[in-house]
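Just so it is clear: chains get the letters A, B, ... in the order the sequence lines come, proteins before strands, and each one is counted from 1. Please read all numbers here as calculations on a predicted model, not as lab measurements.
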Amino acid sequence: MTMTPGQRRFALTAHVVFSVGWLGAVAVFLALSIAGFVSQDAQMVRADYRVMESIAWFVIVPLCLASVLTGLVSSLGTPVGLFRYYWILIKLVITIPSTIVLFVHMRPIGLVSRVAAERTLSSADLSLQIQMVAAAALALLVLLVATAVSVYKPRGLTRYGWRKQQEQRAARHTT
Amino acid sequence: MSQPPPRPRWVYAFGIAVIVLVVLFFAVHFAGLMPMHG
């Protein structure tokens, strides 16, 4: 199904908004995880981890899903397609595992939030706190790469894209 | 019939970066710095 130019612009705008929103939400999550890791104020640390769980469930997860969905609509609804250009394929390779890792990571996020709700965090929780910072930093790096790829759109047709292009050229010559 | 274009070099660079990141990720986990599921 091919979209009209108006629909394409709307889908692309939605994709950019959700994707950049996802990046921003992860940046906030990273800032809070660093604050929770370095702060000496026990109340602040506990509040940090409680807020981080809410941000993850109510901001990061919805923006992630919306970004994936609008990305699929934008590519499949246009002649650009999903598997024809390396830069789009690589964005897919970045986004799908990132989404899976996010859902796997929701468990430790919930765990540290529950610990923060019950008691003050101690040195026994250090590995969880490190995990929060490291995972958020890695997620931010991955999303920055995806954003850069979207802006630069490095050249390169996949073998499938090349074959489709040849078929379209052949079809144009016969008509 | 013409040949398909060669795979761009940046795709290989990206593949190597992904492999390095995955290895780094598991190395950190096995080093015990981060629990796999909290």
Checklist line | Shared hydrophobic cluster for A:Ile130 and A:Leu140 (ILVMFWY, side-chain gaps under 4.5 Å) | finding: yes
Counting only pairs under 3.5 Å, give me each side-chain donor-acceptor contact of residues 23-34 of chain A, with atom names and distances, residues two or more places apart or in other chains.
residue, atom, partner, partner atom, Å
A:Ser33, OG, A:Phe29, O, 3.4
A:Ser33, OG, A:Leu30, O, 2.8

Note to self: Please tell me whether A:Leu141 and B:Leu24 are part of a single hydrophobic cluster in this structure, the criterion being side-chain heavy atoms less than 4.5 Å apart.
What the structure shows: no
Next item on the list: Please check if A:Val20 and A:Leu144 belong to a single hydrophobic cluster, counting links between Ile, Leu, Val, Met, Phe, Trp and Tyr side chain heavy atoms closer than 4.5 Å.
Entry: no
Next item on the list: Please list, in residue-number order, every residue in residues 41-59 of chain A that has a heavy atom less than 4.5 Å from any heavy atom of chain B; write 'none' if there are none.
Entry: none
Margin query: If hydrophobic clusters are built from ILVMFWY residues whose side chains come within less than 4.5 Å, do A:Met132 and A:Phe37 share one?
Written below: yes
Checklist line | Taking every non-hydrogen atom, the tightest pair across A:Gly156 and B:Pro8 | finding: CA-CG, 3.7 Å
Note to self: How about CZ on A:Arg9, more than 12 heavy atoms from neighbouring residues, nucleotides or ligands closer than 6.0 Å, or not?
What the structure shows: no
Next item on the list: Tabulate, in ascending numerical order, the residues of residues 79-101 of chain A having at least one heavy atom closer than 4.5 Å to a heavy atom of chain B, or enter 'none'.
Entry: A:Tyr86, A:Trp87, A:Ile90, A:Val93, A:Ile94
Next item on the list: Spell out, yes or no, whether A:Leu121 and A:Val38 are grouped together once hydrophobic residues are joined by side-chain heavy atoms under 4.5 Å, including indirect joins.
Entry: yes
Notebook entry, point to check: Which pair of heavy atoms, one from B:Pro4 and one from A:Arg159, lies closest together, and at what distance?
Noted result: CG-NH1, 3.7 Å
Notebook entry, point to check: How would you list, in number order, the residues of residues 60-73 of chain A that have a heavy atom less than 4.5 Å from chain B?
Noted result: none
Checklist line | Structural part of A:Arg155 lying under 4.5 Å from a heavy atom of chain B | finding: backbone
